[in-house]
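Notes follow once the structure below has been shown.
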There are 2 protein chains.
Amino acid sequence: MSIPSASKISARPTVRRKPLNRATISDQIYAQLCLSLASGELAPGERLSIRKVAATLGVSMMPVREAITRLIVDNALEILPNKAVRVPIMTTEIFRELTSVRIHIEGFAAEQAAIHRTDEELDLIKEQEVAFRDAVTSSNPSKIEALRANKNLHFIIYRASHLPTLLRITEMLWLRVGPIINLDLDSSVVQGAKTALAQHARLVHAIQTRDAATARDALAADLLGTANFVLESTRLRENNLPLPLSDFGH
Amino acid sequence: MSIPSASKISARPTVRRKPLNRATISDQIYAQLCLSLASGELAPGERLSIRKVAATLGVSMMPVREAITRLIVDNALEILPNKAVRVPIMTTEIFRELTSVRIHIEGFAAEQAAIHRTDEELDLIKEQEVAFRDAVTSSNPSKIEALRANKNLHFIIYRASHLPTLLRITEMLWLRVGPIINLDLDSSVVQGAKTALAQHARLVHAIQTRDAATARDALAADLLGTANFVLESTRLRENNLPLPLSDFGH
DNA sequence: CACTGATTAGTGTGATCACAGTGAGGCTAT
DNA sequence: ATAGCCTCACTGTGATCACACTAATCAGTG
């Protein structure tokens with residue numbers, strides 16, 4: 001990821017630079033790990049070593065440590081009783097629980113978005129909906145492009161709820177499902193996207209007409225659809241065995 | 001809080017001690033800060049210095065640093081553009097937003113608790129309900145005892161939803177409202193508890209009879225009641241002015 | 001050959017130091 | 001007296017080291 005060794009600002013001639021909002025190295029590592037998590041690059045069950053991640057990314061232990069701590073707090077990573085850190089393994093039971101919570105909370109967000117959205121936000125939503133449609137119905141459908149557009153669509157909606165607390169919670173939830181949905185939904189995402197397309201259309205239309213109940217229902221159906229798709233093509237563990245022992249942790 | 005300088009286990013004679021689950025110093029600091037936050041000891045707007053907290057608690061910077069990082073992640077503390085850390089100031093706007101989210105999410109938790117609760121959990125819930133009633137209707141009502149029982153009651157219910165994700169979210173939410181409700185609800189908590197008592201009774205009865213809808217409604221009414229109470233005896237800032245300038249963070 | 005034992009590499013946690021950036025207080029020059 | 005500059009105390013961030021604990025390797029013995 002090439003961290004610029006330091007922010008070497010030698011001399012500021014006339015203008016007084018204000019490096020206030022500069023991103024911390026820890027922030028960069030955090031963002032990087034989030035990406036690796038969301039892309040499935042970090043597989044469930046895989047162990048993380050602070051030192052190794054630090055060496056890989058070319059930084060010291062400290063920023064990695066802090067980034068991992070953050071990820072543990074929002075349940076994107078878990079810490080075993082040995083104090084070892086790994087990306088949580090998702091059982092079907094946990095996945096079901098997570099999905100039901102997501103349906104309720106993100107459905108609520110969609111409902112509020114239908115109520116509080118501005119016209120500008122509606123435009124952005126429509127924009128992302130066609131982006132998703134294009135990515136899926138294209139002649140050579142791009143899986144990663146579709147997932148990106150799907151995520152954008154959802155989060156523009158959640159942001160349009162104008163409830164920052166809710167937005168934060170949905171971010172946490174997506175961080176947890178990320179490793180799963182990106183894992184083995186190869187080109188088959190196109191097949192599963194049939195119902196997604198329909199529900200997205202319903203969803204956007206409901207948000208446009210400020211129909212909160214329908215917006216909630218459409219989003220719930222969308223989530224449920226992809227969740228069932230994951231449950232079928234299941235790479236999930238049926239029950240949480242004491243140890244996976246299948247990790248390639250070094 | 002008196003941290004034992006270190007876990008000095010000199011020699012373990014015959015039994016092989018397994019100090020696996022031992023609480024980290026960081027954990028202890030985190031718990032301590034949570035308490036200070038929930039008790040209102042750390043007032044909104046107050047600034048936190050890693051070194052000063054470390055010196056006060058008699059530890060080095062590191063555990064404090066990690067504990068504060070965790071609290072920032074779940075929005076119990078906020079980090080200003082100056083990188084300064086303070087406990088967030090709560091505006092009426094933010095409080096309203098937070099309350100609406102809480103009503104929805106914690107209402108959902110109550111609903112699920114009514115469905116999934118075991119008989120043992122029901123007993124615990126009843127137990128905490130009479131504890132709260134006792135604390136409030138006592139001849140010399142104890143504010144801190146009432147608040148403790150109230151929190152216990154709520155979280156036993158949330159735990160009884162058997163949705164760990166939901167439990168985690170409610171913990172985050174309570175961490176944010178903690179500094180407010182404990183701030184200036186002195187003996188007046190008894191007055192405001194009138195409606196709380198009624199709703200608690202409804203809530204517990206609904207959970208007993210597995211009436212999810214009523215459970216949700218009762219909990220929503222409970223939350224709304226205390227929220228309105230806070231909004232009236234308001235110590236909240238009307239709008240988020242650039243700086244409070246009233247902190248004693250020297 | 002199988003099993004226990006010690007040694008070693010590797011882990012997360014905590015402490016300490018270095019550094020750049022920030023803000024306030026006091027000084028000087030106008 | 002006031003505006004501007006400088007100094008200094010203090011901040012969070014990052015790096016490095018020390019330590020206790022864990023897991024796995026390899027040696028020794030049955």
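Just so we're clear, the structure is a prediction, and the values are computed from it rather than from any experiment. No hydrogens, no waters, no symmetry mates; every other heavy atom, side chains included, goes into these values. Residue numbers start from 1 in every chain, and the chains themselves are labelled A, B, ... in the order their sequence lines are given, proteins ahead of strands.
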Note to self: Going by side-chain contact (heavy atoms from CB on, under 4.5 Å), B/Val64 matches just one of B/Ile50, B/Thr56, B/Thr69. Which one?
What the structure shows: B/Ile50
Notebook entry, point to check: Does B/Asn82 place a side-chain N or O at less than 4.0 Å from the phosphate oxygens OP1/OP2 of D/dG12?
Noted result: no
Check: Picking from C/dT13, D/dG12, D/dA15, which would you name as closest to the side chain of A/Met61?
Finding: C/dT13
Notebook entry, point to check: D/dG14 base to B/Arg65 side chain: any donor-acceptor pair below 3.5 Å?
Noted result: yes
Notebook entry, point to check: To the nearest Å, how far apart are A/Tyr30 OH and D/dG14 P?
Noted result: 15 Å
Notebook entry, point to check: Starting at CG of A/Leu80 and ending at C1' of C/dG12, how long is that distance when rounded to a whole Å?
Noted result: 12 Å
Next item on the list: Could you check how far CE of A/Met62 sits from C1' of C/dA15, rounded to whole Å?
Entry: 11 Å
Check: What's the closest nucleotide to the B/Val85 side chain, out of D/dG12, C/dT13, D/dG14?
Finding: D/dG12
Notebook entry, point to check: Would you call B/Arg148-B/Glu145 a salt bridge at under 4.0 Å N-O?
Noted result: yes
Check: If only side-chain N and O atoms of B/Lys52 are considered, is one of them under 4.0 Å from the OP1 or OP2 phosphate oxygen of D/dT11?
Finding: yes
Note to self: Expressed as a whole number of angstroms, how long is the span from A/Glu66:CD to C/dG12:P?
What the structure shows: 16 Å
Notebook entry, point to check: Does a side-chain N or O from B/Ser49 land closer than 4.0 Å to OP1 or OP2 of D/dT11, or not?
Noted result: yes
Margin query: So B/Leu48, base contact, sugar-phosphate only, or nothing? Heavy-atom distance under 4.0 Å.
Written below: sugar-phosphate
Notebook entry, point to check: Of all residues at least two apart in sequence or in a different chain, which pass the side chain to side chain contact (heavy atoms under 4.5 Å, CB included) check with B/Ala109?
Noted result: B/Tyr158, B/Leu166
Next item on the list: Find which nucleotide of DNA chain D each of A/Ser60 and A/Arg51 is nearest to by heavy atoms, and output the residue with the more 5' nucleotide.
Entry: A/Ser60
Next item on the list: Would you please name every residue forming a side-chain hydrogen bond (donor to acceptor under 3.5 Å, both in side chains) with A/Gln128, sequence neighbours left out?
Entry: none
